[in-house]
Each structure stands twice: as C-alpha cells, then as structure tokens.
2 protein chains.
Amino acid sequence: MGSMAAQTQPKQSEAKLLVVEDDANILELLSASLRFAGFDVSTATSGSAAVSAAKNTTPDLVVLDVMLPDLDGFEVIRLMREGGQRTPVVFLTARDGTDDKIRGLTLGGDDYVTKPFSLEELTARIRAVLRRTTQGDEEPSRLVFADLELDEETHEVYRAGQRVQLSPTEFKLLRYLMLNANRVLSKAQILDHVWKYDFRGDDNIVESYISYLRRKVDNVQPRLIHTLRGVGYVLRKPAV
Amino acid sequence: MGSMAAQTQPKQSEAKLLVVEDDANILELLSASLRFAGFDVSTATSGSAAVSAAKNTTPDLVVLDVMLPDLDGFEVIRLMREGGQRTPVVFLTARDGTDDKIRGLTLGGDDYVTKPFSLEELTARIRAVLRRTTQGDEEPSRLVFADLELDEETHEVYRAGQRVQLSPTEFKLLRYLMLNANRVLSKAQILDHVWKYDFRGDDNIVESYISYLRRKVDNVQPRLIHTLRGVGYVLRKPAV
DNA sequence: GAAAACTTTCAGGCAGCGTGCAGGCAAGGG
DNA sequence: CCCTTGCCTGCACGCTGCCTGAAAGTTTTC
C-alpha cells in the first residue's frame, strides 16, 4: 500500500516566537504563516509592548523589526537583556545596508533578514538560530530525500553522491520541495513561500526554476520532481 | 437484504461554514450543495454582514467572494482577525490573475478557487483546508472503496494495488463517484458537480469520461462502475 | 567599473487534455 | 424479430498548460 504514516507537518519544534512588527499587513503575513509552520506565535506592534510581552511570555526567539514607532529594535533588545533575558533574535531590516549596527549581530547567535524577504528565507533563518542556540537535542541541518541531500548550514547539495552547485533561488526552491516531500505544491504556494512577498510576476518563473532544478539535480533516474498538470509539483519517489 | 446500514452522507465533519457571496444565484447554488454535502451553512451577502455573522456564529471556515459590494474580501478577513478570530478561508476570485492581492493567500493554510469553478473543486478545497487546520482528529485524505484507492492530497489513484494516472477531469469524476459510492448519480448530477457551473455542453461528455475511467480504473474484475440505463451511473460492488 | 552570475521575461513548440461528432452496439418494447 | 432508444467509444480538432532556449535586466563579484 501507500507509503506510510504521516509526513505530518513541515513543522519545527513548536518553539514559542514573539513577532514584533508595526505594519499590520506584514504582521498578519508573518503570524499566519509562522503559525501554520508549527510555531507558537504571539505578537506585538510597538517596542514597549514587545519588551513587556517578552517578559511575560518568555519566547524562545524574537522576530523583531528594527524600525518601530517608539523604540528601535536595538533598544528593545537592550532592555530585554538588561532584564536578564538572553533570548535570540532574528531582526527584520530595511535594505539600506548602511546600518552598521546590523553587523556583529551574528556573533551573539542572532541573525537578520532584509525586507523584502521570502518566507522560506525567514523560516530558514529562524530554524538555524534555534538550532544553534538550543543546545542538546540536535535539530539536524541536513535534509535527505532518496539520494538527494541538502545541507542547510553549508548550502551544499548532493544528488546520488555528486555535488551540485545551485543558485540562491534554486537552493530555496529545492529546500521548500524537500521540506514538503510527498506533498503536492501549487505554483501559487511555491510563489508565496519561495519568492519575496513583493514579487509581482507570474507563475512562469516557477516553471523556469523547476526546469533549472531538473537539469541540475534531477537528470538521473529515478526522477524525483514530478509535474501534476493543472495542480502543481511534487517531490516523490516514482510509483511503487 | 440490501447492503447495510447507512453509507450515510458524503459527509465531512459537519463543520460550520459561512458563505459570503453577493450574487444571489451563486449563493443559492453554493449553500444548497454545501448543505447537501453535510455542512452546516450560514450565509451573508455583504462584507459588513459577514463580519458580524462571523462574530456571532464562529464558523469553522469561511467561503468568501473577494469581490463584494461594500468591503472587499481582504478587508473582511482583516476585520475578523483583528477581532481575534483565526478562522481559515477559501476565497472565490475572478480569473484575471492580475489581482495583486491574491498573492499570499496560501500562507496560513488558506486557499482560493477561481471562478468559474466546479462544486467538486470547491468542496475538495474546503475539505483540504479543514483537514490541514483541524489538528488532532485526523480526517483521512484517502478515499477507499473496494480495491480502489484515491488520495486527495497526493492525487494518487490505485486499483488493485496498481498505480493509475488520471487527467484532472478523470480524477474529479472518480472522486465524486467514490464520495457517493452506492448512490446512483444521473448524468445531470454529475455534470452539475464535476464540471464548471458555466459549462454548456452535452451529456455525452459524461459518457466519454465514464468510458475513460473504465478503461483506466475498471478494467479488472470485479467491475465497480455500473450503468443504469435511463437513470445514471453508480459505483458499487457487484450483486451479492 | 567591468565581468560574471543570477533573476526575470518572452515566445515558440509540444503533448496532454477537453469537447463534439458519428458509427456501432446492446437493451427493451412492441 | 425489428425498431427505437440510450449508451459506448474511436477519432479529430483546437486549446491549454507546461517546458525550455534565448534575451533582457539586475545584482554580485572581483
């Protein structure tokens, strides 16, 4: 019969997140999708609200917009840490990389993502930070499906033991497919998760990247990337 | 005598739906058939009515036309969620994919269906979203009848253990037959459920697709798809 | 600041699919 | 037994969705 039990959720460890963001649209986008990804999400829309929320709910990680109406993100963190909390942070920043303060963040185990970002980018960073800071129960950084291997830390990809070079978008797409192996993904879903949220292009770009991936990663038997005409794509082992 | 108790309804969990649609014809079509499919349906014909209806009846899922006279669908959702409701949504949208806002709909477990749609398409999406968002009591995604198996998530179909490839319409038709196993379905009924509601064609297309299905899926003993001359078709195990 | 790598769009081509038609066959009634 | 009616299915046509090469546009690298 069919393969097997669950393949339940693309879920991650059920960690508690605090998401701090003043733009209502982006906040909604983030909380909806992070919740769906299996996190326990609470929210705040200002710096001061964030500080007290962090005190009460003791999140495992904070997703924090740098630009806030009252305090800026760095102030928020300073206050939290004065209060004794060492919660790791993933910052959301605007693209003006001139901001020196961002540098040096990765030293403390924190990280940042620049707006606009894709959800795959953000969740990958969140997972990576949690992996680093949650010592003990090693969340593995290596995804494996059939003879396909992808290492989230080193960004290395192997098919049938052979190293394959992927561009950033190709990598993100493949990771998304692997995290959702055996689940059919529509082009709309792929666009929503792998491309930046402000992308205004059409579905065809997904077709293009599927084509690139096939050439680089799926050019041997058995084929793993399958098209379901009118429905979407799926990563799976061929019929029994 | 006869087979047995019930085989009651093609019922899904008796979930409460709120259907929001301003076109009276379509609203009637939807509420009638969703009710028949076993849902507990309430309706609204404007955005503001929808918001307050949602507050009062706390539906398990909202079917929401994007184009409404007062607020648009996105505003409705925004207001509902500001009110603390996390109800999942299936949007009904026009086909002109140019609508930027469509992006991001698949993120929180929500989904959308483009007009014109078939009732099978819509109910399948509703079931899928409920399955995903109702954690806990796993509604199975696999329909089984005799040695026929159909997986709604992966779109895989097996007959007697053998994998069978179906086109989208073939798949929808088979799903409809399986959801209504042991119930006689007229060609008109099939046309109404499996084909888009604006289809203006001939009954003969149902005959054609039944023929395709027989060839692909019913070419072994015992035959499961039966013709009732002058009445319709039925999926059932041969006489005792 | 030039070159290389990467992303995005465009367009041609192809295969799978949906639909209508028509000839043939089977069932049922007179 | 023949005629009628309803159903089955092969065929053909046109359309849609998908794939991919190439070019244009953008970002990164050196």
Side-chain angles (χ1 to χ4, degrees), chain A residues 95-97 114-118 120-121 155 157 164-174 176 184-188 190-191 194-219 223 225-234, chain B residues 95-98 100 103 114 116-118 120-121 155 157 164-174 176 184-191 193-219 223 225-234:
Chain A
R95 167 149 276 305
D96 52 15
T114 59
K115 293 185 183 183
F117 50 83
S118 73
E120 269 303 287
E121 233 169 278
H155 270 239
V157 174
V164 177
Q165 294 280 359
L166 297 185
S167 79
T169 303
E170 289 161 358
F171 184 85
K172 274 182 261 171
L173 174 56
L174 181 59
Y176 184 56
V184 179
L185 303 168
S186 70
K187 280 180 262 196
I190 293 174
L191 220 43
V194 176
W195 268 261
K196 302 178 185 207
Y197 55 73
D198 67 345
F199 178 74
R200 296 259 112 69
D202 82 351
D203 276 3
N204 175 257
I205 197 165
V206 177
E207 299 170 15
S208 287
Y209 271 87
I210 288 283
S211 174
Y212 300 153
L213 268 191
R214 280 180 167 143
R215 201 172 323 173
K216 289 188 177 180
V217 149
D218 207 22
N219 51 357
R223 295 283 139 76
I225 301 175
H226 304 275
T227 303
L228 278 80
R229 177 174 257 255
V231 184
Y233 299 96
V234 60
Chain B
R95 165 149 277 304
D96 53 14
T98 51
D100 294 347
R103 288 292 317 286
T114 59
F117 50 83
S118 71
E120 269 302 288
E121 231 169 279
H155 271 242
V157 174
V164 177
Q165 296 279 3
L166 298 185
S167 81
T169 303
E170 289 162 358
F171 184 85
K172 275 182 256 170
L173 174 56
L174 180 59
Y176 183 57
V184 178
L185 303 167
S186 71
K187 279 180 262 194
Q189 258 175 305
I190 293 174
L191 221 41
H193 283 84
V194 177
W195 269 260
K196 302 179 184 202
Y197 55 73
D198 66 347
F199 179 73
R200 295 268 163 270
D202 187 3
D203 272 7
N204 173 257
I205 198 164
V206 176
E207 299 170 15
S208 287
Y209 271 88
I210 288 283
S211 172
Y212 299 154
L213 269 192
R214 281 180 166 143
R215 197 175 331 175
K216 288 188 176 180
V217 145
D218 206 22
N219 51 358
R223 296 283 138 78
I225 301 175
H226 304 276
T227 304
L228 277 78
R229 194 183 171 83
V231 185
Y233 299 95
V234 60

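Within every chain, numbering begins at 1; the chains are lettered A, B, ... in the order of the sequence lines, protein sequences first and strands thereafter.
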**Student:** Is there a side-chain contact between A/Ser211 and the phosphate of D/dT20, meaning an N or O under 4.0 Å from OP1 or OP2?
**Tutor:**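 Yes, such a contact exists.
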**Student:** With sequence neighbours excluded, tell me which residues meet ring pair (Phe, Tyr, Trp, His ring centres under 6.0 Å) with A/His155.
**Tutor:**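 Applying ring pair (Phe, Tyr, Trp, His ring centres under 6.0 Å) to A/His155 gives A/Phe171.
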**Student:** Just the atom pairs and distances: protein N or O near nucleotides 6-12 of chain C's N or O, under 3.5 Å.
**Tutor:**
unit_1, atom_1, unit_2, atom_2, d
C/dT7, OP1, A/Thr169, N, 3.0
C/dT7, OP1, A/Thr169, OG1, 2.5
C/dT7, OP2, A/Ser167, OG, 2.5
C/dT7, OP2, A/Tyr209, OH, 2.9
C/dT7, O5', A/Tyr209, OH, 3.0
C/dT8, OP2, A/Trp195, NE1, 2.7
C/dT8, O4, A/Tyr212, OH, 3.2
C/dC10, N4, A/Asn204, OD1, 3.2

**Student:** With sequence neighbours left out, what residues match B/Gln189 under side chain to side chain contact (heavy atoms under 4.5 Å, CB included)?
**Tutor:** B/Tyr176, B/Leu185, B/Ser186
**Student:** Not counting sequence neighbours, list each pair that qualifies as a salt bridge (Lys or Arg N to Asp or Glu O under 4.0 Å) and has a residue in residues 200-215 of chain B.
**Tutor:**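 Qualifying pairs: B/Lys187-B/Glu207.
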**Student:** Rounded to whole angstrom units, what separation is found between the CG atom of A/Asp203 and the C1' atom of D/dC18?
**Tutor:** 11 Å
**Student:** Quick check on D/dG6: is either OP1 or OP2 less than 4.0 Å from any side-chain nitrogen or oxygen of B/Tyr233?
**Tutor:** no
**Student:** Tell me, please, which residues at least two apart from B/Phe199 pass side chain to side chain contact (heavy atoms under 4.5 Å, CB included).
**Tutor:**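 Side chain to side chain contact (heavy atoms under 4.5 Å, CB included) check on B/Phe199 returns B/Leu191, B/Trp195, B/Ile205.
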**Student:** Can you sort out the partners of B/Lys216 under side chain to side chain contact (heavy atoms under 4.5 Å, CB included), two or more places apart, ordered by chain and number?
**Tutor:**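 Counting only residues at least two positions away or on another chain, B/Lys216 forms a side chain to side chain contact (heavy atoms under 4.5 Å, CB included) with B/Val164, B/Leu166, B/Glu170.
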**Student:** Could you give the CD1-to-C1' distance, from B/Ile190 to D/dC7, as a whole number of Å?
**Tutor:**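 About 13 Å, once rounded to whole Å.
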**Student:** Do A/Tyr233 and A/Val206 have side-chain heavy atoms sitting under 4.5 Å apart?
**Tutor:** yes
**Student:** Ignoring hydrogens, what is the shortest heavy-atom contact between B/Pro116 and B/Lys196? Give both atom names and the distance.
**Tutor:** O-CD, 3.6 Å
**Student:** Once you round it to whole Å, what is the distance between P of C/dC17 and CG of B/Leu173?
**Tutor:** 15 Å
**Student:** So, is A/Thr227 close to the D/dC19 phosphate, meaning a side-chain N or O under 4.0 Å from OP1 or OP2?
**Tutor:** yes
**Student:** Let me know the distance between CG of A/Leu228 and P of D/dC18, rounded to the nearest Å.
**Tutor:**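 Nearest whole value for this atom pair: 10 Å.
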**Student:** Rounded to whole Å, how long is the line connecting atom CG of B/Leu191 with atom C1' of C/dG18?
**Tutor:**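 It is 13 Å, rounded to the nearest whole Å.
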**Student:** Identify, with sequence neighbours excluded, every residue that meets side chain to side chain contact (heavy atoms under 4.5 Å, CB included) alongside A/Val184.
**Tutor:** A/Leu228, A/Val231, A/Val234
**Student:** Tell me: CZ of B/Arg215 to C1' of D/dC11, nearest whole Å?
**Tutor:** 11 Å
**Student:** Tell me the closest heavy-atom pair linking A/Ile225 and A/Ile210, and the distance in Å.
**Tutor:** CG2-CG2, 4.2 Å
**Student:** Send over the distance from B/Ile225 CD1 to D/dT9 P, rounded to a whole Å.
**Tutor:**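 Spelled out: CD1 on B/Ile225 to P on D/dT9 is 11 Å.
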**Student:** Is any side-chain N or O of A/Lys187 closer than 4.0 Å to OP1 or OP2 of D/dC18?
**Tutor:**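 Yes, A/Lys187 has a side-chain N/O under 4.0 Å of OP1/OP2 on D/dC18.
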**Student:** Please tabulate the protein-to-nucleotide N/O contacts below 3.5 Å involving nucleotides 27-30 of chain C, giving atom names and distances.
**Tutor:**
none

**Student:** Classify the nucleic acid contact of A/Lys196 as base, sugar-phosphate or nothing, counting any heavy atom under 4.0 Å across all strands shown.
**Tutor:**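 Contact class for A/Lys196: none.
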**Student:** Check the distance between D/dG21's P and A/Ile210's CD1 and give it to me in whole angstrom.
**Tutor:**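 Computing the A/Ile210:CD1 to D/dG21:P distance gives 15 Å.
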